[in-house]
Protein chains: 2
Amino acid sequence: MAARAGVSRQTVSNVLNSPEVVRPATRNRVQLAIDELGYRPHASARRLRTRQSSTIGIRLDPVAGGISGSILDRYLHALVAHADGRSMRITLFTASDPADEIAHYARLRDGADIDGVVVTATQYDDPRIEWLARERMPFVAFGRPWGAERADDPDRLWVDVDGRAGVRAATEHLIGRGLTRIGFLGWPAGSGTGDDRRSGWEAAMVTAFGLGASALAELTIEATEGVPNARIAVERLLASGAGLDALVCASDALGLGAMMAVREAGHPHFPVIGFDNTPVAKAVGLSSVDQRLDVVARATLELLMGPEGTRVLPHGSAAADAAHRLITPQLIVRRSSHLAPVEEAGGSKAFDHNEREQEE
Amino acid sequence: MAARAGVSRQTVSNVLNSPEVVRPATRNRVQLAIDELGYRPHASARRLRTRQSSTIGIRLDPVAGGISGSILDRYLHALVAHADGRSMRITLFTASDPADEIAHYARLRDGADIDGVVVTATQYDDPRIEWLARERMPFVAFGRPWGAERADDPDRLWVDVDGRAGVRAATEHLIGRGLTRIGFLGWPAGSGTGDDRRSGWEAAMVTAFGLGASALAELTIEATEGVPNARIAVERLLASGAGLDALVCASDALGLGAMMAVREAGHPHFPVIGFDNTPVAKAVGLSSVDQRLDVVARATLELLMGPEGTRVLPHGSAAADAAHRLITPQLIVRRSSHLAPVEEAGGSKAFDHNEREQEE
DNA sequence: ACCCGTTCTTTGATCGTTCAAACTACTCTC
DNA sequence: GAGAGTAGTTTGAACGATCAAAGAACGGGT
């Protein structure tokens with residue numbers, strides 16, 4: 001015990017946890033002894049006494065096949081960095097299905113291993129979220145609850161990226177460059193995220209050109225996620241001779257597939273924009289919409305722990321207007337959308353000037 | 001306390017930790033009470049008493065730019081899964097540079113937050129490894145210590161992937177298909193990993209065709225990591241009219257760039273093979289060498305905790321022959337290397353039959 | 001019956017912290 | 001100058017598990 005500074009253990013504890021109650025002179029003396037002896041409180045002892053693990057659990061996805069796998073990765077990185085700033089730690093687990101994941105939640109909570117969880121890859125009527133809410137366990141979902149259900153229930157915290165706004169910005173960027181027949185390559189209707197993104201394109205096209213439903217449908221292509229699917233779909237489209245000026249895509253995988261198809265078909269300047277700003281998009285020069293995962297991660301912790309707090313808030317303590325956060329993403333313009341013969345619109349879009357740096 | 005089964009706390013503890021010392025009848029009775037009450041030991045209390053955190057720390061890289069970023073991700077996933085099987089948890093941290101990373105090690109160790117660490121992205125004379133060895137903190141490096149230094153020091157545990165063997169297998173696969181002028185697209189000489197991979201190609205070429213140094217040099221292309229760099233280098237090569245039959249590459253990024261260049265130059269069947277088997281390779285049908293990160297992760301824990309153990313072994317307790325593990329990777333053959341007009345060699349190489357499944 | 005060795009179970013002590021209450025020293029008030 | 005109030009510090013207890021040693025139960029041999 002570092003009571004070598006001639007004070008009691010409790011005073012040491014106070015210096016570390018509530019410095020303001022300790023007289024400055026004493027505080028300095030203790031601090032000096034701490035530095036000198038290199039004393040660090042024993043984390044487990046503290047956690048035992050305070051009944052707080054200061055740890056947040058998150059499931060590490062089994063690398064979701066596609067190239068967008070790195071989204072979670074980047075989000076996780078930002079989350080860990082911000083958590084560190086709040087003296088929180090992140091612990092990982094893996095699960096094979098939602099039921100398994102719930103079992104992990106229960107196990108980790110019962111063992112006082114975690115104070116709360118971050119839920120990713122949310123689905124319609126997600127059983128995990130229902131369970132967490134029922135058990136009154138603190139959590140934040142990355143992903144809105146799609147569908148009619150309680151998206152504004154203050155007991156179900158969530159953060160999400162405003163895909164609609166992002167795709168709208170991408171579309172308007174192309175419109176601003178003088179293009180008119182801008183297609184949308186998205187997933188089959190029915191996925192919340194996909195429909196949301198498409199709605200951004202739709203809004204931009206309707207606003208700019210007043211298109212009707214049939215015109216919009218004509219400009220829409222569907223492909224399930226994956227580079228080859230997109231490639232095939234776009235090849236087919238090109239073969240059918242549909243006159244398109246550009247493509248906005250629901251993901252970088254779709255964007256990459258589209259780009260490969262149009263380039264091979266001999267259109268080196270045909271503009272394509274993806275979504276997610278994955279490393280691959282950067283690598284191949286594909287314009288894309290960046291989710292600003294750093295901002296999302298910060299918002300996640302703000303919901304879970306309050307704006308400045310250093311501990312996880314109890315379930316159900318959020319104000320109605322502080323229970324959800326929708327982050328506006330940012331368009332990153334690269335070669336794939338400004339190589340073209342069309343004049344540069346000179347807008348205020350972000351440019352990616354680092355395009356070649358820091359490849360490892 | 002679950003002494004509701006009519007026994008003392010210690011007996012409950014024994015049922016959980018050393019069931020063999022408890023009489024079966026008692027054990028069953030206690031187990032029943034445990035299940036019934038849903039009792040879980042308080043992890044922090046146990047950790048305080050046993051002076052073991054049962055936690056391994058690992059740094060989460062700031063997403064290393066390139067498309068190979070997902071390597072750590074997949075390794076991490078496997079590591080977490082295996083750790084769970086040994087009742088271990090993984091905790092993450094981020095660091096801006098080696099010194100910062102070392103500071104994290106010290107902090108986490110002094111706070112009894114971790115029992116050991118896994119070190120990734122190792123370099124020549126890695127300061128982190130020197131520090132860990134000096135402090136006698138348990139650790140395993142993912143990556144051999146390149147250079148002359150003590151690669152066989154039993155105090156410096158490491159696992160790595162045998163890049164040489166992987167590239168050799170890839171090259172031999174092409175040779176088996178009747179190709180002869182097989183080039184190697186690699187990073188500039190001087191990186192341990194890169195030189196190791198090139199040596200596999202060299203070995204295969206020398207064995208098959210008895211090439212000399214100048215012939216080998218003629219077939220070697222250099223590009224720094226990154227899709228565009230590879231693309232440019234290969235475009236240049238094609239323009240210069242060097243007659244090549246196929247390309248083996250040091251990474252998927254190089255492979256992807258090469259593939260884009262040869263496809264655009266009108267060679268849809270020119271075989272290309274990458275390395276790392278990233279999701280992107282899978283997505284675009286690029287043959288690649290898979291690092292078998294699951295095996296690497298298992299080996300990591302075996303070095304850190306012994307073949308079956310459930311706790312981290314003290315530093316320096318490894319036998320000389322159990323301190324390092326070199327994992328042989330596996331060639332995954334896809335369209336990029338077997339579309340060709342050349343006859344299929346009918347070898348025993350692994351095929352990737354899942355190519356389109358489970359894209360999210 | 002008695003003692004003895006085994007096998008199984010219980011009892012105190014302890015890990016290192018923080019909580020809650022008690023104590024000390026000092027200042028202020030009337 | 002006695003009592004009340006306040007700021008700073010110390011003391012005992014507790015968090016919930018495991019360790020080490022002591023105690024109880026049970027057969028078996030003499």
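In what follows, chains carry the letters A, B, and so on, assigned in the order in which the sequence lines appear, proteins first and then strands, with residues in each chain numbered from 1. None of these values were measured; they are calculated from a predicted model.
- A/S317 contributes atom OG, which lies 4.5 Å from atom CG of A/L313 (distance to the nearest 0.5 angstrom).
- Side chain of B/T91 to main chain of B/G57: no donor-acceptor pair is present (N/O by atom type, distance under 3.5 Å, no hydrogens or angles).
- Comparing A/L16 and B/R29 against DNA chain C, the residue whose closest nucleotide sits nearer the 5' end is B/R29.
- Here B/R311 does not pair with B/D115 in a salt bridge; the nearest charged N to carboxylate O distance is not below 4.0 Å.
- By the neighbour-count criterion of 12 heavy atoms within 6.0 Å, atom CD of B/E308 is sparsely surrounded, having that number or fewer from other residues, nucleotides or ligands.
- Of the side-chain N and O atoms in A/N14, none sit less than 4.0 angstrom from OP1 or OP2 of D/dT9.
- Summarising the geometry, the separation between CD on A/Q10 and C1' on D/dA14 is reported as 13 Å, rounded to the nearest angstrom.
- Between the side chain of A/R27 and the backbone N or O of A/P19, at least one donor-acceptor pair lies under 3.5 Å.
- Contact annotation: A/S13 side-chain N/O to C/dT18 OP1/OP2 distance is under 4.0 Å.
- Atom CZ of A/R292 sits in a crowded spot, with more than 12 heavy atoms from other residues, nucleotides or ligands closer than 6.0 Å.
- Using bins of under 30°, 30° to 60° and over 60° for the plane-to-plane angle, the ring pair A/W131/A/Y105 lands in the tilted bin.
- No side-chain heavy atom of B/D113 sits under 4.5 Å from any side-chain heavy atom of B/T55.
- Atom CZ in A/R9 sits roughly 15 Å away from atom P in C/dA20 (whole-Å rounding).
- Across the protein-nucleic acid pair, B/N28 atom CG and C/dC8 atom C1' stand 15 Å apart, rounded to whole Å.
- Less than 4.0 Å separates DNA chain C from at least one heavy atom of each of the following residues of residues 43-54 of chain B: B/L48, B/R49, B/R51.
- Within the nucleic acid shown, B/R40 comes within 4.0 Å of sugar-phosphate atoms alone, with no base atom in reach, counting heavy atoms only.
- Recorded end-axis angle for the helix from C/dA1-D/dT30 to C/dC30-D/dG1 stands at 60°, based on five pairs per end and rounded to 10 degrees.
- Using a 4.5 Å cut-off on side-chain heavy atoms (C-beta onward), A/L79 and A/V118 make contact.
- For A/R156 and A/E130, the salt-bridge test passes: some basic side-chain N is under 4.0 Å from an acidic carboxylate O.
- One finds a salt bridge joining A/R107 and B/D84 here, because a Lys/Arg side-chain nitrogen approaches an Asp/Glu carboxylate oxygen to under 4.0 Å.
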I'd like a table of atom pairs between the protein and nucleotides 4-8 of chain D - only N or O on both sides, under 3.5 Å - with the distance next to each one.
residue : atom : partner : partner atom : Å
D/dG8   : O3'  : A/R23   : NE           : 3.4

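- Contacts between residues 107-117 of chain B and DNA chain C, defined by a heavy-atom separation below 4.0 Å, involve no residue at all.
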Are there any protein N/O atoms within less than 3.5 Å of an N/O atom in nucleotides 4-7 of chain C, and if so, which ones and at what distance?
none

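- Side-chain atoms of B/R40 do not come within 3.5 Å of backbone N or O of A/A112 as any donor-acceptor pair.
- Although no hydrogens or angles enter the test, the distance criterion places no donor-acceptor pair under 3.5 Å between the side chain of B/T94 and the main chain of B/L60.
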Donor-acceptor pairs are to be reported for all side-chain atoms of residues 135-144 of chain A against protein atoms at under 3.5 Å, with residues two or more places apart or in another chain.
residue : atom : partner : partner atom : Å
A/E135  : OE1  : A/R109  : NH1          : 2.9
A/E135  : OE1  : A/R109  : NH2          : 3.3
A/R136  : NH2  : A/H315  : O            : 3.3
A/R144  : NE   : A/D160  : OD2          : 2.9
A/R144  : NH2  : A/V161  : O            : 3.0
A/R144  : NH2  : A/D196  : OD2          : 3.1

Pair A/R23, A/N28 - check side-chain hydrogen bond (donor to acceptor under 3.5 Å, both in side chains), show working.
CA-CA 9 Å; A/R23 190 152 42 126; A/N28 292 335; over 6 Å; no
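- Here B/E302 contributes atom CD and B/T300 contributes atom OG1; the two are 9.0 Å apart, rounded to the nearest 0.5 Å.
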